[in-house]
Peer 1: 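A single structure is presented below for examination.
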Amino acid sequence: MVESKLVKLAIEDERTRDSIKSALPHFVEGRKKAFADVDFEEWRERASSIREETLKNLDFYLEELKAKIEECGGKVLFAKDKDEANEIIGGIARRFGAKLIVKSKSMITEEIELNAYLERSGFRVVETDLGEFIIQLARERPSHIIAPAVHKRREDVKELFEKSLNEKGGDSIEELALIARRVLREKFLEADMGITGVNFAVSQTGTIVIVENEGNVRMVTSLPKVHVALMSLEKVLPKFEHLALFLPLLTRSATGQLLTSYINFITGVEEGKKFYLVILDNGRREILRDDKFYEILKCIRCGACINHCPVYRNLGGHAYGWVYPGPMGAVLTPLLLGIERWGHLAYYSTLCNKCYEVCPVKINIPSLLVELRRRLVEVKRAEASPGIIERIMIKIWGGVMRDSEIYRRFVHFFSGILRPMTGRGWIKWIPLFAWTRSRWFPSPRKRMFRDYWRHRK
Amino acid sequence: MKVILFPTCLVDALFPSVGIATVRILEKLGIQVVFKEEGICCGQLAFNDGFFEEAKEVARKLIDAMDEDLPVVSPSGSCISMIKLHYGELFRGDPYEEKAKNLIRRSYELTDFLVNYIGVSDIGARFEAKVTYHDACHTKGTLNIHREPRELLRHVKGLELVEMENPDLCCGFGGIFSLKMPSLSSLMLDEKMKNIEKTGAQYVTSTDISCLMHIGGGLLKKGSSVKFIHIAEILANG
């Protein structure tokens, strides 16, 4: 069933839904204001072209990136899948005798479950992005790619800090932030290694770019003696000047900020320090080869689609079952993890088109969702593939809609059959896909429009 | 001037008054209306469900039925959006490609046709009520039609137009979505109905009977005092 257990749980969770509904307008209004005096269509057309061109020549730019970074003293390693990536990063931590690792927010590290791997291998890992810090304490997964703890309220966090940190007194958001700041400051100073994600990696100069508002990335990348950055292979940008388009596009789309409080441009490495960039595939090269689905790799992880999605609005992030929620998650997750078990996400959409309208790189997500559905029909044996009953009904539908006499007789037939249940044109109960659980069903007419037309003459 | 009316499958079978109202509006403007019995359905249901071949079979019938060099006018944004947005890719490389492109060029949603093609915003309608307008997703999002319905409504004598909160928030119908995710669909319907009722309007209207039958069916079950009415029925009044 498409409405999985996670969906049912989400529907019952009124509290989380209310938290999300009160948080989203901030992002939506912020984004609208930020783009008010900008030619968004022109910006995103350019951004889309640059992403398309980059994806077409990805290997060239990745090689250029590697060469430039190593020229500046860093080291670039390619990981085919999550196991390889985890081993590489674990290996680096071991080599430098790291005991405490500090991390900044990175969806790709969630994807490969890096924290769990490192902890199993005996390292202590602390998330330093406030949202991630909160959900790490709560032992939860992030529910949004930009605001991982969007589903949490102030009271939840206060309780969490009391229980897990033995810190009382977090009565306001400011106080909570100050507690986190104090706790994290110690960790930054103690840490042996810092792990971050990457927003963009500029191949022309070998620069990795990380945006942030809290200053934790600054700490994570400059205090410990080793910095490991993990990125998925499509995040590369050919030229440094492209940042002038992509950075404001990203920040405005994500939070409505003209620019974030800090932007880290990291080229090369300081004397006595080490920098590693791990570039992860994990199924993306296969997506790249698909002439329809490669488009999802244009994504710059702004979260705008998530913020505008009416389905996400009501379900929240956890109902999507994995790391990436909302429209981009509904496309990416089945592509990375397989439509056999994750195809149901393709139906988590009314195709309202809002995601496509706000996407800063013009990814036609509704079209990709419909294509996923088409593949589910084709493949037949995926869990979410239409079953035999649905296929028969579509065949009947087709037969009815192709022939005006059959169509007329079909409607008249049901109008007759359903008459006993019909009161003033409406049916209050009918066992049809739970329709009447929440609404009355309009009864098929004895006198259709075409009947009226025939009798007009 | 002559146009082909495309009532759509839902209007024809479930809400014929919308089709009748559309005819009345067009004839009031001196336009001759033609109806092609074979033009039943745009095929969107199958297409959105991933059954492209079945959708194409139905779409071909529509293309054939509408194969006369006249504008095609429909009281449904979502069906016109299906034609304009998807018939091109659906029939790429197909023998029907040229005919499909031709149909795309001359298909219009009703309010778009009235305001932008004919150039009229006041058709002399009268409807004494407080009305709120719901922006159907395809009509506003893909066809960019949202100014036109409101302009037409503002010229209706006796009509007070009030805006609901988030008028373009999806109502939760989404065609097969309402069948595949019924609980979520009804949750989204709840929010839409709440926004409508908060306006104090007596009627909710839209360009799409698909949204309206979902919203209206919900309002009826709830015992709400708010009624639903298609914009064509308002404009044909008086």
Side-chain angles (χ1 to χ4, degrees), chain A residues 2-3 7-8 11 17 21 310-311 313-315 346-354 356-357 367 370-378 386 390-391 394-395 397-398 400-404 407 411 426 428 432-445 447-453, chain B residues 7 9 11-16 18-20 23 35 37-38 40-41 43 45-52 54-55 57-58 60-61 89 137-138 141-142 168-191 213-221:
Chain A
V2 175
E3 266 191 343
V7 168
K8 295 208 164 71
I11 289 174
R17 188 163 50 252
K21 281 190 183 176
V311 169
R313 179 186 173 77
N314 285 281
L315 284 185
Y347 300 103
Y348 283 31
S349 169
T350 57
L351 305 177
C352 82
N353 215 52
K354 284 258 164 46
Y356 185 25
E357 281 169 47
S367 174
V370 170
E371 178 62 24
L372 277 172
R373 296 173 189 187
R374 195 191 68 77
R375 304 265 172 118
L376 285 167
V377 167
E378 207 172 63
E390 191 173 335
R391 288 173 193 272
I394 293 281
K395 277 277 184 282
W397 169 91
V400 168
M401 294 304 178
R402 286 202 316 264
D403 185 309
S404 59
Y407 173 61
V411 176
W426 292 87
K428 293 188 190 171
L432 194 67
F433 303 100
W435 183 276
T436 48
R437 233 186 261 157
S438 48
R439 9 164 172 49
W440 288 1
F441 188 76
S443 184
R445 290 305 165 98
R447 205 153 188 271
M448 300 163 72
F449 174 80
R450 53 191 53 226
D451 298 315
Y452 150 82
W453 187 267
Chain B
C9 61
V11 163
D12 204 335
L14 302 176
F15 299 98
V18 175
I20 297 169
V23 172
F35 172 61
E37 287 205 338
E38 299 299 325
I40 304 165
C41 174
L45 185 139
F47 178 77
N48 286 349
D49 204 19
F51 289 90
F52 283 19
E54 289 79 352
E57 280 165 22
V58 167
R60 274 190 207 107
K61 277 297 165 117
E89 76 185 76
C137 291
H138 286 95
T142 63
D168 61 356
L169 179 67
C170 180
C171 68
F173 175 60
I176 51 143
F177 176 82
S178 64
L179 307 178
K180 293 214 164 174
M181 302 197 81
S183 314
L184 186 53
S185 176
S186 99
L187 199 61
M188 292 164 77
L189 172 61
D190 283 342
E191 185 171 4
M213 82 181 189
H214 161 83
I215 295 172
L219 290 169
L220 280 166
K221 184 174 172 104

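Residue numbers begin at 1 in each chain, while the letters A, B, ... track the order of the sequences.
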Peer 1: Is chain B contacted by the side chain of A/N353, its backbone, both, or neither, given a heavy-atom distance below 4.5 Å?
Peer 2: side chain
Peer 1: Checking side-chain polar atoms at under 3.5 Å, does A/R439 have a donor or acceptor matched by the opposite partner on B/S185?
Peer 2: yes
Peer 1: How would you list, by chain and number, every residue that makes a ring-ring contact (aromatic ring centres under 6.0 Å, His included) with B/F47, sequence neighbours excluded?
Peer 2: B/F52, B/H86
Peer 1: In terms of heavy-atom proximity below 4.5 Å to chain B, should A/L351 be classed as side chain, backbone, both, or neither?
Peer 2: both
Peer 1: I need the residue from A/P386, A/P442, A/G398 with the largest number of non-hydrogen atom pairs under 4.5 Å to chain B.
Peer 2: A/P442
Peer 1: Under a 4.5 Å cutoff for heavy-atom pairs, which residue among B/G218, B/C137, B/A46, B/S183 has the most contacts with chain A?
Peer 2: B/S183
Peer 1: If you count heavy-atom pairs under 4.5 Å between each of B/L45, B/D190, B/V11, B/L219 and chain A, which one has the most?
Peer 2: B/L45
Peer 1: Within the side chain of A/W435, is there an N or O that forms a donor-acceptor pair under 3.5 Å with the backbone of A/W440?
Peer 2: yes
Peer 1: So for A/D403, is it side chain, backbone, both, or neither that comes closer than 4.5 Å to the heavy atoms of chain B?
Peer 2: backbone
Peer 1: Considering all heavy atoms of both residues, which atom of A/S349 and which atom of A/V311 are nearest to each other, and what is their separation?
Peer 2: CA-CG2, 4.0 Å
Peer 1: Are any side-chain N or O atoms of A/Y407 and backbone N or O atoms of B/C9, one a donor and one an acceptor, separated by less than 3.5 Å?
Peer 2: yes
Peer 1: Measuring from A/L376:CG to A/E371:CD, what's the distance to the nearest 0.5 Å?
Peer 2: 10.0 Å
Peer 1: Give a yes or no on whether a salt bridge exists between B/R60 and B/E57, defined as a side-chain N under 4.0 angstrom from a carboxylate O.
Peer 2: no
Peer 1: What part of A/Y348 lies closer than 4.5 angstrom to a heavy atom of chain B: side chain, backbone, both or neither?
Peer 2: both
Peer 1: Looking at chain B, which one of A/R450, A/R445, A/M448 has the largest number of heavy-atom pairs inside 4.5 Å, strictly under?
Peer 2: A/R450
Peer 1: Given 3.5 Å as the limit, does a donor-acceptor pair link the side chain of A/R447 with the main chain of A/Y452, or not?
Peer 2: no
Peer 1: Determine the option with the most heavy-atom pairs under 4.5 angstrom with chain A, choosing from B/L189, B/I20, B/V23, B/D168.
Peer 2: B/I20
Peer 1: Between B/I215 and chain A, with a heavy-atom cut-off of 4.5 Å, which part of the residue counts as in contact: side chain, backbone, both or neither?
Peer 2: neither
Peer 1: Is it the backbone or the side chain of B/K221 that comes under 4.5 Å from a heavy atom of chain A, or both, or neither?
Peer 2: both
